[in-house]
Amino acid sequence: MNQTLLIVGSGFAGSVCAREMAEAGYSILLIDKRPHIGGNAFDRYDDAGVLIHPYGPHIFHTNSEKVFAWLSQFTEWRPYEHRVLAQVEENLYPIPINRRTINGLYGLDLDEAGVQHYLERVRVPRDTIQSSEDVVLNSVGSDLCEKFFRGYTRKQWGLDLSELSAGVASRIPTRCNDDDRYFTDTFQAMPREGYTAMFERMLDHPNIHVQVGTDYAQIKNAKEFVHTIYTGPIDAFFHYRYGKLPYRSLRFEHQHLAQSEHYQEVGTVNYPNDHAYTRITEFKHLTGQVHTGTSIVREYPQDEGDPYYPVPRPENEALYQKYKSLAEQERNVSFVGRLAQYRYYNMDQVVAAALKSARTLLEEIQRG
Ligand code: FAD
Ligand code: UDP
């Protein structure tokens with residue numbers, strides 16, 4: 001019997017588990033089918049020397065002191081508060097909607113209480129909040145819904161707001177004050193030397209052997225490992241026995257602009273109603289890098305391609321529950337992460353889920 005633990009996927013889920021289990025004395029074989037570690041959080045320098053996120057912009061934020069402290073073993077941080085503007089009818093307004101959005105859009109001069117009153121008047125109250133449409137209409141009403149949410153959501157998911165669970169639109173708050181930060185978490189910062197450097201340190205342990213460019217399907221002796229931690233799509237693990245779980249994909253169009261030091265005034269500009277892309281992100285805002293040129297990415301949502309987003313809606317959750325029942329019968333496999341747990345997790349939530357999984361696994365092993 002092989003005393004090594006197999007971990008499939010080197011994103012946050014797989015890498016955090018690898019480090020925890022290595023610290024506990026296990027030897028680890030960590031594989032990823034991609035040619036690099038870090039999963040979707042992987043970053044690298046482009047040909048012009050700008051640090052970019054090939055799989056779309058990744059901004060770290062968390063309210064969990066535990067998660068922040070755990071990651072801080074492997075990186076220093078650069079404080080960064082993300083700001084986003086949305087283009088509506090040729091003008092740019094803060095999103096999440098705040099006082100400046102309302103005043104700018106409607107030519108008003110409301111104070112905080114005035115904005116609260118305004119929203120009270122335009123909101124379409126819903127008795128029960130089930131869909132993302134309920135969330136948006138209930139908080140900001142029809143006009144703001146059409147201007148900022150319905151088109152963006154249709155592009156991003158290929159679905160109407162009414163077809164998505166409440167959790168999707170609930171990610172975006174509504175504010176009556178001037179706070180224009182995208183997130184309000186206690187800890188908001190970027191790994192000072194980037195995500196990949198942080199992952200390299202996390203995996204730099206004598207018990208961890210990393211093998212990229214290796215698909216789980218190539219591991220012929222998987223059953224001989226003492227345990228497997230699987231962080232890929234759960235439906236793929238079970239060979240799509242109950243059919244495919246929908247995951248939304250993206251095409252990333254990266255561009256370097258050698259002649260401009262900056263492309264836009266904030267990290268991200270959203271395009272709810274214009275263009276085929278949802279948003280443009282300029283990396284230098286996120287990383288603080290100083291460079292004479294700048295690099296941007298446009299995100300084009302699509303159905304086919306790498307699985308990036310689980311699609312939160314009731315029928316998909318029901319299908320996931322069927323796969324989860326199969327997963328629970330796999331005594332020697334743990335399923336962790338955004339794809340394996342089919343959860344719209346942010347990075348910090350994946351770290352927390354991975355720490356929990358590793359702890360549970362160690363307890364189970366100790367109990368025999
Ligand atoms: P992943 O990072 O997807 O890692 C899974 C790994 O498993 C992949 O590397 C994959 O190649 C590998 N794998 C899959 N199947 C196999 C197989 N059969 N064999 C071998 N390897 C396999 N979160 C934030 O907190 N802030 C953000 O700003 C943010 N922005 C995002 C932007 C985009 C465009 C996307 C798509 C996600 C964003 N996220 C963000 C979410 C973040 O990417 C995830 O929470 C996190 O990276 C998930 O980690 P994971 O390990 O679960 O999955
Ligand atoms: N959303 C929107 N308009 C926006 C921003 C977000 O309609 O300008 C909706 C959309 O459905 C999106 C969801 O809110 O998918 C969550 O947005 P977030 O920025 O958190 O998405 P992510 O960064 O995960 O792609």
Give every residue pair that meets the ring-ring contact (aromatic ring centres under 6.0 Å, His included) criterion with at least one member in residues 18-39, sequence neighbours excluded. His36-Phe42, His36-Tyr55
Salt-bridge contact Glu299-Arg251 (side-chain N to carboxylate O under 4.0 Å): no
Check whether His291 reaches the backbone of Gly293 with its side chain - one donor and one acceptor, N or O, closer than 3.5 Å. yes
Report the relative orientation of the aromatic rings in Tyr195 and His58; use parallel for angles under 30°, tilted for 30 to 60°, perpendicular for over 60°. perpendicular
Only one of Thr128, Val124, Ile129, Asp127 passes side-chain contact (heavy atoms from CB on, under 4.5 Å) with Asn138; say which it is. Ile129
On a heavy-atom basis, which atom in Pro96 and which in Thr101 lie closest, and how many Å separate them? O-OG1, 4.1 Å
May I ask you to decide whether Arg359 forms a salt bridge with Glu20, counting only side-chain N to carboxylate O separations under 4.0 Å? no
Note: Asp179-Arg181 ion pair, threshold 4.0 Å (strictly below): yes
So Tyr106 and Leu110, do their side chains get closer than 4.5 Å, heavy atoms only? no
For a 4.5 angstrom cut-off between non-hydrogen side-chain atoms, does Tyr271 reach Lys155? yes
Is it true that Asp235 and Lys244 make a salt bridge, defined as a side-chain N closer than 4.0 Å to a carboxylate O? no
Under the 3.5 angstrom rule, does the side chain of Gln264 hit a backbone N or O of Ile280 as a donor-acceptor pair? yes
Any idea which heavy atoms bring Cys145 and Val136 closest together, and the distance? CB-CG1, 3.6 Å
Main-chain N/O of Pro233 paired to Tyr230 side chain as donor or acceptor, under 3.5 Å: yes
Would the distance check show the side chain of Glu146 and the main-chain N or O of Asp143 forming a donor-acceptor pair, the cut-off being under 3.5 Å? no
4.5 Å side-chain heavy-atom contact, Asp32 and Thr214: no
Without swapping roles, check the side chain of Lys324 against the backbone of Gln341 for a donor-acceptor pair under 3.5 Å. no
Does the side chain of Asn273 come under 3.5 Å of the side chain of Arg154 through a donor N or O and an acceptor N or O? no
Give me the ring orientation class for His254 and Phe283: parallel if the planes are under 30° apart, tilted from 30 to 60°, perpendicular past 60°. parallel
Taking the side chain from Asp185 and the backbone from Phe187, do they hold a donor-acceptor pair closer than 3.5 Å? no
Lys/Arg N to Asp/Glu carboxylate O, Glu317 vs Arg343, below 4.0 Å: yes
Against the six-membered ring of Tyr345, is Arg338 placed for a cation-pi contact (under 6.0 Å from the centre, within 45° of the normal)? no
Donor-acceptor under 3.5 Å (Asp111 side chain, Gly114 main chain): yes
Contact list for residues 191-200, test salt bridge (Lys or Arg N to Asp or Glu O under 4.0 Å), sequence neighbours left out: Glu193-Arg201
Hey, are Gln188 and His82 close enough side-chain-wise for a donor-acceptor pair under 3.5 Å? no
Side-chain donor-acceptor pair under 3.5 Å between Ser295 and His256, yes or no? yes
Quick one: does Gln302's side chain have a donor or acceptor within less than 3.5 Å of a partner on Glu304's backbone? yes
Quick test of your reading of the model: are Arg248 and Asp306 salt-bridged, counting only N-O distances below 4.0 Å? no
Do the charged groups of Arg100 and Asp178 touch, with an N to O distance under 4.0 Å? no
Against Trp157, only a single residue in Tyr308, Phe149, Tyr344, Tyr152 fulfils ring pair (Phe, Tyr, Trp, His ring centres under 6.0 Å); can you say which? Tyr344
